[in-house]
Amino acid sequence: MERMRTHIGIVGAGPSGLLLSHLLHLQGIESIVIENRSREYCENRIRAGVLEHGTAELLVECGVGERMKREGLVHEGIYLRYRRQDHHIHFPELTGGKSIMVYSQHELVRDLIAARLRDGGQIVFDVDAVALHGLESNSPRISFQKDGKPFEIACDFIAGCDGFHGISRPSIPAGVLRTYEESYPFGWLGILAQVAPSSTELVYSNHDRGFALLSMRSPEVSRLYLQCDPEEDLNEWPDDRIWSELRQRLSTEGGWKLKEGPITQKGVTGMRSFLVDPMQFGRLYLLGDAAHIVPPTGAKGLNLAVADVRVFSAALDAFYKKGSRDLLARYSKICLQRVWKVQRFSWWMTSMLHKSNQGEFFEQIHLAELDYVTSSRAAATALAENYVGLPFEPL
Ligand SMILES: Cc1cc2nc3c(=O)[nH]c(=O)nc-3n(C[C@H](O)[C@H](O)[C@H](O)COP(=O)(O)OP(=O)(O)OC[C@H]3O[C@@H](n4cnc5c(N)ncnc54)[C@H](O)[C@@H]3O)c2cc1C
């Protein structure tokens, strides 16, 4: 068994694990990241693409925002499309100048991996048999295998950044965490297409046939989604059927045209709202998707992960520099305040925009909600300030 020692053992090289490791490095705190996938897999996993105002600012402040500033697309609003008409929500006007940044999650992951390796950081890819030990002791341990050989990392704290399906959360004894969960009777069929986006900004469309979203990852790549059954069989969706359905659900009275191109990736994602309280047990702290999942309609998952990292890295800074445990003790409470507000917003956007199985009464309620949001400055402001990101919690 090869033994290692560090301050913080980090499980998972997604956005939360990598950003945490980077911020800790800037604070002079050592960490080792272990990841059960390959570097190539992590750098090419297509996921989120919308960064809140505060997320983009934080990335610039900590020195990993250079490429994002160059290649990312600043968006000043979104379109809500319903009854085949567009209504624009202008963020800067409603939020005192804030906007969002469209920049692919896998590009951010590439930037973070490059920054860690440039700074001599340790990321161990392709590990397996990961297990956590001694969580209630002052020196918890992470055991794993790499190339068939056993390793163990002893550390002061473990950061569980291993996503919804990771091992960190299930390592906490039964009965400690309270789980809140809501699943939805629909999912998203998402495609990536090699074609310039048909709109300069995201279009959220409420349609009789179901919700559709037009999004983008770059000036050459479109990302589009269709509401579908959570168990939808992709084999029943040849490219022609996907484009035909998108054309119908995104059509407008003004004869707007959808640009079509080769589909390079297809997938179905289920939707759930999920969180655990507290986000911590002994010396194990959960961050990002390991602790909470939101339906993607509000574009919040990655941003919530970044918000957790901000709190946890500040808490560790206070612990190592001043010996203070105050922020560590309040970690869960501070994060969960934001998580619940973001859960509410994501649930609200999801309910308003999707066709539910609740019947015609609710379809009319959702249209009334859209009419209200697009005609009342107060309601539009509420949407805008959540979409660009609520202010970070004071620490
Ligand atoms: C299709 C889709 C679209 C999305 N769109 C958006 C969007 O527009 N905006 C937004 O903000 N969010 C979006 N999200 C959510 C966002 O992608 C996640 O919230 C984000 O990835 C969370 O980051 P994380 O680091 O916490 O978890 P993850 O990105 O899941 O990273 C966890 C890492 O841990 C690794 N791991 C797992 N188990 C182990 C183990 N046992 N040992 C070691 N490593 C392990 C995984 O391989 C992974 O690399 C979307 C998600 C999906 C699936």
Side-chain angles (χ1 to χ4, degrees), residues 9-21 32-52 54-56 75 78 100-106 108-109 112-113 123-132 142-146 153 158-171 187-192 202 204 213 215-217 223-225 265-272 274-275 279 285-309 312 335 339 342 345-346 349 387 389:
I10 301 178
V11 188
S16 46
L18 292 166
L19 180 63
L20 176 66
S21 181
I32 299 175
V33 181
I34 59 159
E35 164 62 50
N36 64 357
R37 300 287 196 156
S38 68
R39 177 176 176 183
E40 200 200 349
Y41 183 91
C42 294
E43 289 189 335
N44 290 293
R45 185 166 34 197
I46 303 296
R47 287 235 182 135
V50 174
L51 305 181
E52 292 177 354
T55 301
H75 282 196
I78 54 169
I100 52 158
M101 174 73 82
V102 173
Y103 188 62
S104 293
Q105 176 170 326
H106 70 279
L108 174 61
V109 164
L112 288 166
I113 290 176
I123 310 172
V124 190
F125 289 100
D126 294 307
V127 304
D128 53 354
V130 179
L132 310 184
I142 307 173
S143 62
F144 63 93
Q145 292 198 358
K146 164 95 180 155
I153 302 173
I158 297 176
C161 300
D162 48 352
F164 184 70
H165 299 288
I167 50 92
S168 295
R169 196 180 62 253
S171 304
W188 278 10
L189 192 164
I191 61 162
L192 212 56
L202 276 76
Y204 286 81
L213 171 62
S215 177
M216 60 290 291
R217 292 295 180 259
R223 181 85 165 134
L224 295 125
Y225 297 98
Q265 207 186 83
K266 280 186 213 179
V268 172
T269 321
M271 292 230 188
R272 61 161 69 83
F274 173 92
L275 69 86
M279 292 167 51
Y285 288 74
L286 302 176
L287 292 90
D289 279 16
H292 39 72
I293 297 286
V294 287
T297 327
K300 290 290 171 221
L302 170 59
N303 294 294
L304 263 189
V306 169
D308 293 348
V309 170
F312 191 48
C335 292
V339 172
V342 170
F345 176 69
S346 304
M349 286 281 280
Y387 203 99

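Remember, it's 1-based here, ligands and their atoms both numbered in the order they're listed.
- Checked by atom type, the side-chain pair D308/H292 shows a donor-acceptor distance below 3.5 Å.
- Residues E52 and I100 form no side-chain contact, since every pair of their non-hydrogen atoms from C-beta on lies 4.5 Å or further apart.
- Scanning all protein heavy atoms for the shortest distance to atom 42 (N) of ligand 1 gives V130 CG2, 3.5 Å.
- Near G166, the atoms of ligand 1 lying under 4.0 angstrom from a non-hydrogen atom of the residue are 38 (N).
- Annotation: atom 7 (C) of ligand 1 to nearest protein heavy atom, A48 CB, 3.2 Å.
- Near V11, meaning under 4.0 Å from any of its heavy atoms, are these atoms of ligand 1: 42 (N), 43 (C).
- Neither the backbone nor the side chain of I293 comes within contact range of ligand 1; no heavy atom lies under 4.0 Å.
- No side-chain donor from either of S38 and D126 sits under 3.5 Å from a side-chain acceptor of the other.
- Counting only distance, with no hydrogens or angles, the side chain of E35 and the backbone of F125 share no donor-acceptor pair below 3.5 Å.
- Annotation: salt bridge (charged side-chain N to carboxylate O under 4.0 Å, His left out) contacts of R39 (sequence neighbours excluded): E43.
- The aromatic rings of Y225 and W188 are tilted relative to each other, their planes meeting at an angle between 30° and 60°.
- Under the 3.5 Å distance criterion, the side-chain polar atoms of S171 are matched with a main-chain donor or acceptor of I167.
- Which parts of ligand 1 touch I167 is read off a 4.0 Å heavy-atom cut-off, strictly below it: atoms 41 (N).
- Relative to the ring axis of Y41, R37 places its NZ or CZ within 45° and under 6.0 Å from the centre.
- Residue L302 has at least one nitrogen or oxygen atom sitting less than 3.5 Å from a nitrogen or oxygen atom of ligand 1, judged on distance alone.
- Closest non-hydrogen pair, G12 versus V33, comes out as O-CG1, 3.6 Å.
- Atom 45 (C) of ligand 1 has its closest protein heavy atom at N36 OD1, 3.3 Å.
- Ligand 1 places these atoms under 4.0 Å from at least one heavy atom of N303: 11 (O).
- In the vicinity of G288, heavy-atom distances shorter than 4.0 Å reach the ligand 1 atoms 26 (O).
- The nearest protein atom to atom 18 (C) of ligand 1, hydrogens excluded, is given as D289 OD2, 3.3 Å; this is a heavy-atom distance.
- By the 6.0 Å contact criterion, CD on E40 is open, its count of non-hydrogen atoms from other residues, nucleotides or ligands being 12 or less.
- At least one N or O atom of S16, backbone or side chain, sits closer than 3.5 Å to an N or O atom of ligand 1.
- Taking each heavy atom of L112 and P15 in turn, the nearest pair found is CD1-O, 4.1 Å.
- Residue contact check: Q105 has heavy atoms under 4.0 Å from atoms 16 (C), 17 (O), 20 (C), 21 (O), 29 (O) of ligand 1.
- For atom 37 (C) of ligand 1, the closest non-hydrogen atom of the protein is D162 O, 3.2 Å.
- At least one heavy atom of G49 sits less than 4.0 Å from an atom of ligand 1.
- Residue G14 has at least one heavy-atom neighbour below 4.0 Å for each of these atoms of ligand 1: 25 (O), 31 (O), 33 (C), 49 (O).
- Judged purely by atom type and a 3.5 angstrom limit, R169 uses its side chain to pair as donor or acceptor with the backbone of A290.
- Polar contact check, R47 against ligand 1: a nitrogen or oxygen pair lies under 3.5 Å apart.
- A cation-pi arrangement is absent between R217 and Y103 under the rule of less than 6.0 angstrom and at most 45 degrees off the ring axis.
- Cation-pi check for K300 over Y387 is met; the charged atom lies under 6.0 angstrom from the ring centroid and within 45 degrees of its normal.
- An N or O contact shorter than 3.5 Å links P15 to ligand 1 by distance.
- Of all atoms in ligand 1, listed by their number and element, those nearer than 4.0 Å to a heavy atom of C161 are 32 (C), 33 (C), 34 (O).
- When the heavy-atom distances from atom 46 (C) of ligand 1 to K300, E35, R37 are ranked, the shortest goes to E35.
- The N/O atoms of F164, backbone and side chain alike, include none that comes under 3.5 Å of an N/O atom in ligand 1.
- Every N/O-N/O distance between A305 and ligand 1 stays at or above 3.5 Å.
- The shell of residues lying under 4.0 angstrom from ligand 1, judged by heavy atoms, includes R45.
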